[in-house]
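Following: one structure in structure tokens, then a few remarks.
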2 protein chains.
Amino acid sequence: MPRRVPLYKRVKQRLAAALEKGVWRPGEALPPEPALAKRFAVSVGTLRKAVDELVAESLLVRRQGSGTYVDSHTRDTMLARFFPMVDRTGNKRLPQSRLLSFRRGRASAAIAALLHLQRGAPVFEIDNLLSLDDEPLILDRIRLPQALFPDLTEAIFAEREATIYALYQSRYGVTVVRTEESIAAALADERACELLLLTPPAPVLRVVRTAYAWHSQPVDTRVRLIATRRHHYRSVLGQR
Amino acid sequence: MPRRVPLYKRVKQRLAAALEKGVWRPGEALPPEPALAKRFAVSVGTLRKAVDELVAESLLVRRQGSGTYVDSHTRDTMLARFFPMVDRTGNKRLPQSRLLSFRRGRASAAIAALLHLQRGAPVFEIDNLLSLDDEPLILDRIRLPQALFPDLTEAIFAEREATIYALYQSRYGVTVVRTEESIAAALADERACELLLLTPPAPVLRVVRTAYAWHSQPVDTRVRLIATRRHHYRSVLGQR
DNA sequence: AAGTGGTCTAGACCACCAT
DNA sequence: TGGTGGTCTAGACCACTTA
């Protein structure tokens, strides 16, 4: 650790802590910059540098002339930030979701490692099918720690209005800021072929995705099989 | 276009134009910030904001106490920025490269569209095999416009010391700043199975990658087949 | 010790949004 | 029209690299 932490970094940490604590709700405006600067006893320039970084990390959103707002997981932001599939023309659309099964279980060694849990810790195990235009696209097996989502039930999950990450945020105050995906090629097994409407031997993408909140805390992890008939996985390297 | 372009954006454009023109070579230091600010007739703060953005886009690199340098495509930066494959422990290493064939040809309609060329424009067609620890990993078919690389020959390509992008930069002054990849799952054909040491039916990643220089100018495009036996394609979403 | 980028301040003015 | 974030300046001091 650096001996001397710059002032704006400490302001950033304090702001992030306040956000995590829920001092301002997603979608709400923060106080104006001069007021915040006064509260933290720093100059406006320093306060702005702290906000700059939180905006770069998508925790905050600036709207000129209006204010600075806590980012909320709308359909549009989810689509742009966390959904990688595009059609032949490069366009994205949010998929429809169909819940296949919802169970309570215990974390295997592998799952526990990914979610930073003890082996055997209670988790939810959810199977979910995502489709575009009634064509099945992605088969997900999701695991999430029961500790993070204490009162989650099948009904709550199935009847949510928005995306899964939006549910985490609005109901449990858990905001996903980053996901890491590991992609391999595989042959779909019999069940996957049925659900994804493929005829063996059918190549699919096998993606292991883990979602993280602030401080790299794992939120959920999933194994997803993706049929790339009409949609491709899009990735941009460099120029971040 | 915005009516009023901020001063620091104009400074950034002028700096980028100078870089593109080769006023300073890759690896060289720029003049100190106060000198640059004076040259552009702006304050140091404004100059720094322009440099900030070019650093964020990896055209420049800052080294505190030393200077600001033109980014050069070393092995390390190539690996970190443009090579997405990791082993089971999450580590990256640069692959060995083996040239399979080098030909001159003409752009098909599809290739011409990707490279922003006229159909039938002269291109190089290169087949290349990338391996890690003598295990074949990636089979590439690369196409690049002859116009961008006028005197390129098989010997120059085969005997290069560093990566392909580093060759583009050091010999032709073309700096790749971004690549876009489109990933699908496929079954390897007979030739791919032989070269990648796979037994059919073998699922592989089929990636179409296009590399871009500043101003989104296409530099090369390739179709690559990737065997994901021991290495996976790693992708991070959100938190840019 | 000299020179570089990094941090921090204080204040002026501009562009945009809401009312 | 009042309030917000966005731009720009000038200058002081700090931290780091290099020799």
Side-chain angles (χ1 to χ4, degrees), chain A residues 1-16 18-19 23-72 74, chain B residues 1-16 18-19 23-72 74 76-77:
Chain A
M1 283 290 287
R3 187 174 304 273
R4 172 79 185 169
V5 179
L7 184 53
Y8 76 91
K9 289 280 189 191
R10 281 177 280 158
V11 172
K12 177 188 172 189
Q13 292 300 328
R14 291 173 65 188
L15 259 177
L19 288 170
V23 174
W24 308 284
R25 303 249 147 193
E28 272 187 12
L30 269 59
E33 293 178 343
L36 277 179
K38 195 164 187 182
R39 179 183 309 187
F40 290 119
V42 298
S43 73
V44 177
T46 299
L47 184 276
R48 277 182 65 80
K49 202 161 176 185
V51 172
D52 281 343
E53 296 207 347
L54 293 172
V55 168
E57 293 168 20
S58 295
L59 273 96
L60 296 177
V61 179
R62 282 212 178 94
R63 290 185 212 143
Q64 186 178 3
S66 170
T68 301
Y69 297 81
V70 182
D71 180 69
S72 77
T74 65
Chain B
M1 284 291 284
R3 188 176 303 274
R4 171 81 185 169
V5 178
L7 185 52
Y8 76 90
K9 289 281 188 190
R10 281 177 281 158
V11 172
K12 178 189 172 189
Q13 292 301 327
R14 291 173 64 187
L15 260 176
L19 289 169
V23 174
W24 308 284
R25 302 249 148 195
E28 273 186 10
L30 270 59
E33 293 179 342
L36 277 179
K38 194 166 187 181
R39 178 181 312 187
F40 290 119
V42 298
S43 73
V44 178
T46 300
L47 184 275
R48 277 183 65 78
K49 203 161 177 185
V51 171
D52 280 344
E53 295 208 347
L54 293 172
V55 168
E57 292 168 20
S58 295
L59 274 99
L60 297 176
V61 179
R62 281 212 178 93
R63 290 186 211 141
Q64 185 177 4
S66 172
T68 301
Y69 297 81
V70 182
D71 180 68
S72 78
T74 65
D76 281 353
T77 63

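All chains are named by letter (A, B, ...) in the order of the sequence lines, taking the proteins before the strands, and each is independently numbered beginning at 1. Computation of the quantities below employed the complete heavy-atom set of this structure, encompassing side-chain atoms and omitting hydrogens, waters and symmetry-equivalent molecules.
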Are side-chain N/O atoms of A/Y69 and A/S72 paired as donor and acceptor at under 3.5 Å? no

Value in whole Å for how far the [atom2] atom of [N] lies from [atom1] of [X]:
X	N	atom1	atom2	answer
B/L60	C/dT4	CG	C1'	15 Å
B/K38	D/dT9	NZ	P	15 Å
A/L47	C/dA10	CG	C1'	14 Å
B/L7	C/dC13	CG	P	17 Å
B/E53	D/dT7	CD	C1'	12 Å
B/Y8	D/dT7	OH	P	4 Å
B/D52	D/dT7	CG	P	12 Å
A/F40	C/dT7	CZ	P	19 Å

Taking OP1 and OP2 of [N], is either one under 4.0 Å from a side-chain nitrogen or oxygen of [X]?
X	N	result
B/T46	D/dT9	yes
A/R62	D/dG6	yes
B/R48	C/dG6	yes
A/T68	D/dG5	yes
A/K49	C/dC8	no
A/S43	C/dT9	yes

So A/R63, base contact, sugar-phosphate only, or nothing? Heavy-atom distance under 4.0 Å. sugar-phosphate

Assign A/Q64 to base, sugar-phosphate, or nothing according to its heavy-atom contacts below 4.0 angstrom with the strands shown.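 A/Q64: base contact, heavy atoms under 4.0 Å.
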
Consider the side chain of A/E33, meaning its heavy atoms from C-beta on, and name the nucleotide among D/dG5, D/dT18, C/dA15 that approaches it most closely. D/dG5

Please list all pairs meeting side-chain hydrogen bond (donor to acceptor under 3.5 Å, both in side chains) that have one or both residues in residues 29-39 of chain B, counting only residues at least two apart or in different chains. B/E33-B/R48, B/E33-B/R62

Please tell me which of A/V42 and B/G67 maps to the more 5' nucleotide of DNA chain C, matching each residue to the nucleotide holding its nearest heavy atom.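 The residue whose closest nucleotide sits nearer the 5' end is B/G67.
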
Specify the residue among A/K9 and A/G65 whose closest nucleotide of DNA chain C lies further upstream toward the 5′ end.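 The residue closer to the strand's 5' end, by nearest nucleotide, is A/K9.
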
Separation between [atom1] of [X] and [atom2] of [Y], rounded to the nearest 0.5 Å:
X	Y	atom1	atom2	answer
A/L30	A/L19	CG	CG	6.5 Å
A/T46	A/L36	OG1	CG	13.0 Å
A/E53	A/Q13	CD	CD	9.5 Å

